[in-house]
Number of protein chains: 2
Amino acid sequence: MTEHTTGRVDHEADLRKAGIRITRPRRIILRIVSETDDHPDAYEIFRRAVKVDKNISLSTVYRTMKLLEEHGTIQRHAFAGGPSRFEHAGEEHHDHLIDVETGDVIEFRSDKIEKLQDEIARELGYDILHHKLELYGRKRRSA
Amino acid sequence: MTEHTTGRVDHEADLRKAGIRITRPRRIILRIVSETDDHPDAYEIFRRAVKVDKNISLSTVYRTMKLLEEHGTIQRHAFAGGPSRFEHAGEEHHDHLIDVETGDVIEFRSDKIEKLQDEIARELGYDILHHKLELYGRKRRSA
DNA sequence: ATGCAAATGCAAATCGTTTGCAACAAAAAA
DNA sequence: TTTTTTGTTGCAAACGATTTGCATTTGCAT
């Protein structure tokens with residue numbers, strides 16, 4: 001068994017199991033998204049991929065992102081105005097608190113809220129695939 | 001004083017006060033967005049506007065939406081994948097559940113979640129000014 | 001190794017949105 | 001009210017992000 005050097009999940013095996021072909025471009029893209037900390041858009045992923053294999057096309061990046069998204073390997077974030085940005089999923093989910101004054105982004109997580117969301121969705125007849133929660137706040141000055 | 005027939009806020013006066021010209025297209029668009037319950041996108045607003053005045057252009061709709069957004073009259077929602085959708089602001093706060101298959105947007109509100117958010121923010125040392133919660137789900141097929 | 005379905009690269013198409021510009025209309029000035 | 005000023009419009013063309021058609025190549029089961 002070939003053990004991969006990253007300590008993480010073996011996505012390739014995962015995808016293979018789902019009947020998805022592991023091609024050279026896909027392997028490269030997969031590596032890029034699973035090794036990055038930030039939230040690159042398709043073009044940025046393409047730019048990084050080209051450094052590894054000059055032939056990779058932007059179309060393939062887009063196609064692969066869609067594939068990985070459907071398979072749950074990555075998550076897509078759609079910001080107003082700009083391109084979609086992607087994030088390696090499978091890490092622990094978190095939400096964001098944005099400091100409106102400084103622009104700082106604080107990550108947090110609340111199981112209670114997650115649970116409530118599921119409840120609400122169920123009541124409305126839906127299953128939640130994912131969600132986005134952003135709190136916009138100001139640092140409280142202790143009176 | 002010309003009293004308008006809608007029982008609501010007089011946006012025209014508001015905008016005038018802000019030094020914004022009230023033109024025929026703007027008046028029509030304003031009426032459409034303030035009278036609808038759903039979350040139309042620019043093209044849908046355009047479609048409705050054309051019924052009132054055949055000459056109105058899609059560009060003007062876009063320009064007006066940006067204007068109204070900047071002025072706080074409407075709110076823009078950038079849901080994943082699709083076009084921006086608009087909503088008349090100033091109503092009671094609510095969150096959104098987006099049907100990933102149809103694009104339908106369902107409004108909901110949960111005081112519990114609102115309260116939890118405040119709690120979390122307080123723990124992190126913040127006061128929440130506003131927030132955005134979007135659930136992306138798929139309609140549950142009753143087994 | 002071989003065959004075939006699936007994936008690729010490329011260019012062209014598509015979608016949502018913005019922009020340049022000449023004609024036009026709203027508010028200000030006369 | 002007419003004129004002037006200045007912002008707004010409609011149109012078409014441009015744009016950025018993404019998707020697609022198609023001929024070629026590739027993974028991978030046999």
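- For C/dA28, the paired nucleotide is D/dT3, the pair qualifying as Watson-Crick or G-U wobble because both relevant distances are below 3.5 Å.
- For C/dA27, the OP1/OP2 oxygens have a side-chain nitrogen or oxygen of B/Arg16 closer than 4.0 Å.
- Distance from the side chain of B/Tyr62 is smallest for C/dT18 among the nucleotides C/dT18, D/dC28, C/dG9.
- Side-chain N/O atoms of B/Thr60 include one lying less than 4.0 angstrom from OP1 or OP2 on D/dG10.
- Toward the 5′ end of DNA chain C lies the nearest nucleotide of B/Tyr43, the other residue of the pair B/Tyr43 and B/Arg24 mapping further downstream.
- The CD-P distance, from B/Glu69 to C/dT18, rounds to 10 Å in whole Å.
- In this structure, the CG atom of A/Asp53 is 10 Å from the P atom of C/dC10, given to the nearest Å.
- Annotation: of the two residues near DNA chain C, B/Thr23 and B/Ala42, the 5′-most nearest-nucleotide partner is B/Ala42.
- Between the CG atom of B/Leu68 and the P atom of D/dT8 there is a distance of 12 Å, rounded to whole Å.
- Aromatic pair B/His11/B/His71: ring centres not closer than 6.0 Å.
- For A/Thr36 (side chain) and A/Ile32 (main-chain N/O), no donor-acceptor pair under 3.5 Å exists by modelled atom type.
- Residue A/Arg21 places its side chain closer to C/dA6 than to any other of C/dA6, C/dG9, C/dT17.
- Between the P atom of D/dC11 and the NZ atom of B/Lys54 lies a distance of 10 Å, rounded to the nearest Å.
- Distances shorter than 4.0 Å separate none of the side-chain N or O atoms of B/Ser84 from OP1 or OP2 on C/dG16.
- Within the 6.0 Å centre-distance limit, the rings of B/His96 and B/His39 are counted as a close aromatic pair.
- In this structure, B/Ile20 places its CD1 atom 16 Å from C1' of D/dT9, rounding to the nearest Å.
- For B/Leu67 and C/dT17, the CG to C1' distance is 16 Å, given to the nearest whole Å.
- Using N1 to N3 plus N6-O4 or O6-N4 for Watson-Crick, or N1-O2 and O6-N3 for G-U wobble, each under 3.5 Å, C/dC4 pairs with D/dG27.
- Ranking D/dG27, C/dT18, D/dT18 by closeness to the B/Lys66 side chain, first place goes to C/dT18.
- Distance, B/Leu58 CG to C/dG16 C1': 9 Å, rounded to whole Å.
- In the set C/dA6, C/dT17, D/dT18, the nucleotide with an atom closest to the side chain of B/Pro83 is C/dT17.
- A donor N or O paired with an acceptor N or O is found under 3.5 Å between the base of C/dG9 and the side-chain atoms of A/Arg63.
- B/Leu15 places a side-chain heavy atom less than 4.5 Å from the side chain of B/Leu30.
- In this structure, B/Asn55 reaches the sugar-phosphate backbone alone: every heavy-atom distance under 4.0 Å involves primed, P, OP1 or OP2 atoms, never a base.
- A/Met65 has its CE atom 17 Å from the C1' atom of C/dT8, to the nearest Å.
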Could you walk me through whether A/Asp95 and A/Arg109 satisfy the salt bridge (Lys or Arg N to Asp or Glu O under 4.0 Å) test, starting with their C-alpha distance in whole Å, then the side-chain angles of each, then the deciding distance to 0.1 Å, before giving a yes or no? CA-CA 6 Å; A/Asp95 296 305; A/Arg109 177 182 167 73; over 6 Å; no
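- Residue B/Ser59 is in base contact, counting any heavy-atom pair closer than 4.0 Å across all strands shown.
- The side chain of B/Arg26 places an N or O atom within less than 4.0 Å of a non-bridging phosphate oxygen (OP1 or OP2) of D/dT9.
- Remark: of the listed residues B/Glu87, B/Arg85, B/Arg48, B/Arg48 is the sole one forming a side chain to side chain contact (heavy atoms under 4.5 Å, CB included) with B/Pro40.
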